[in-house]
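Model, not experiment: these values are computed from the prediction.
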Amino acid sequence: MQLSVKELSAAADTAAQGELVLDALSRALKSGDVIILDFSGVTTATSSFTNTAIVPLLAEYSLDYLRKHLRIVKSTKQINDMIKMRLERASGSAAA
């Protein structure tokens with residue numbers, strides 16, 4: 001299943017936008033399938049967006065599970081680095 005950040009929330013700037021993405025991700029991950037999160041048309045992601053959209057998934061899923069079941073595509077280095085940093089910090093993992 002593929003989810004578009006642009007279609008779900010228009011951007012990746014605020015916690016409110018993150019809530020929209022988190023809701024869609026939470027529902028999609030319950031399938032057990034690989035979920036593709038597409039950042040086409042989005043150039044940056046703030047920590048407040050990432051902390052709301054992705055980090056709460058760690059309450060239900062391990063970091064290893066998310067690495068296997070959540071694919072980030074058509075994103076920038078900044079977005080990739082932000083997601084990786086926030087997930088690792090929240091999970092207590094120092095190495096990726």
Side-chain angles (χ1 to χ4, degrees):
M1 171 182 254
Q2 184 161 321
L3 301 172
S4 165
V5 172
K6 190 83 168 167
E7 289 177 15
L8 291 168
S9 65
D13 301 321
T14 67
Q17 291 167 332
E19 288 175 14
L20 297 170
V21 173
L22 175 63
D23 183 53
L25 281 173
S26 294
R27 284 185 274 117
L29 282 166
K30 288 180 181 171
S31 71
D33 295 331
V34 172
I35 307 305
I36 299 167
L37 186 59
D38 184 346
F39 278 86
S40 293
V42 178
T43 56
T44 61
T46 64
S47 60
S48 61
F49 171 86
T50 306
N51 288 342
T52 306
I54 298 172
V55 172
L57 296 171
L58 289 170
E60 280 190 65
Y61 305 100
S62 69
L63 183 57
D64 188 53
Y65 184 90
L66 290 176
R67 284 183 175 140
K68 291 177 183 170
H69 290 86
L70 180 60
R71 298 280 181 257
I72 307 299
V73 299
K74 299 180 183 168
S75 61
T76 65
K77 181 178 181 337
Q78 185 275 333
I79 292 170
N80 292 341
D81 290 347
M82 175 62 68
I83 293 169
K84 181 180 176 185
M85 178 185 70
R86 296 307 306 138
L87 282 174
E88 287 177 355
R89 186 174 295 163
S91 72
S93 173

Locate the shortest heavy-atom distance separating Ser91 from Leu63; write the atom from each residue and the value. OG-CD2, 3.3 Å
Roughly how far, to the nearest 0.5 Å, is the NZ atom of Lys84 from the CD1 atom of Ile72? 13.0 Å
Evaluate whether atom CE of Met1 has more than 12 neighbouring non-hydrogen atoms of other residues, nucleotides or ligands under 6.0 angstrom away. no
Apart from Ile36 itself, its cluster of hydrophobic side chains linked below 4.5 Å comprises Val73
Rounded to the nearest 0.5 Å, how far does CZ of Arg71 lie from CG of Asp38? 14.5 Å
Kindly write out the residues that satisfy ring pair (Phe, Tyr, Trp, His ring centres under 6.0 Å) with Tyr61, not counting sequence neighbours, or none if the list is empty. Tyr65
Determine, step by step, whether Leu58 and Leu87 satisfy the side chain to side chain contact (heavy atoms under 4.5 Å, CB included) criterion, reporting the C-alpha distance in whole Å, the side-chain angles of both residues, the deciding distance to 0.1 Å, and the verdict. CA-CA 8 Å; Leu58 289 170; Leu87 282 174; 3.9 Å; yes
For a quick check under 3.5 Å, do Ser62 and Asp64 share a side-chain donor-acceptor pair by atom type? no
Mind checking whether Val21 and Met82 sit in one hydrophobic cluster, side chains of I, L, V, M, F, W, Y counted as touching below 4.5 Å? no
Pairwise distance CG(Leu8) to CD(Glu19) - rounded to 0.5 angstrom: 13.5 Å
Validation row: Leu37, Val5 side chains within 4.5 angstrom (heavy atoms): yes
Quick test of your reading of the model: are Glu60 and Arg27 salt-bridged, counting only N-O distances below 4.0 Å? no
Find the distance between CG (Leu22) and OG (Ser9) and round it off to the nearest 0.5 Å. 11.5 Å
For Leu20, the rest of its hydrophobic cluster, which grows through side-chain links under 4.5 angstrom: none
What distance separates Lys6 NZ from Lys74 NZ, expressed to the nearest 0.5 Å? 14.0 Å
Heavy-atom count around Gln78 CD within 6.0 Å, excluding the residue itself: above 12? yes
Verify, without hydrogens or angle tests, whether Ser31 (side chain) and Ala28 (backbone) share a donor-acceptor contact under 3.5 angstrom. yes
Ignoring hydrogens and angles, tell me if any N or O in the side chain of Thr50 forms a donor-acceptor pair with the backbone of Ile83 under 3.5 Å. no
What's the separation between atom CG in Leu66 and atom CD1 in Ile54, rounded to the nearest 0.5 Å? 9.0 Å
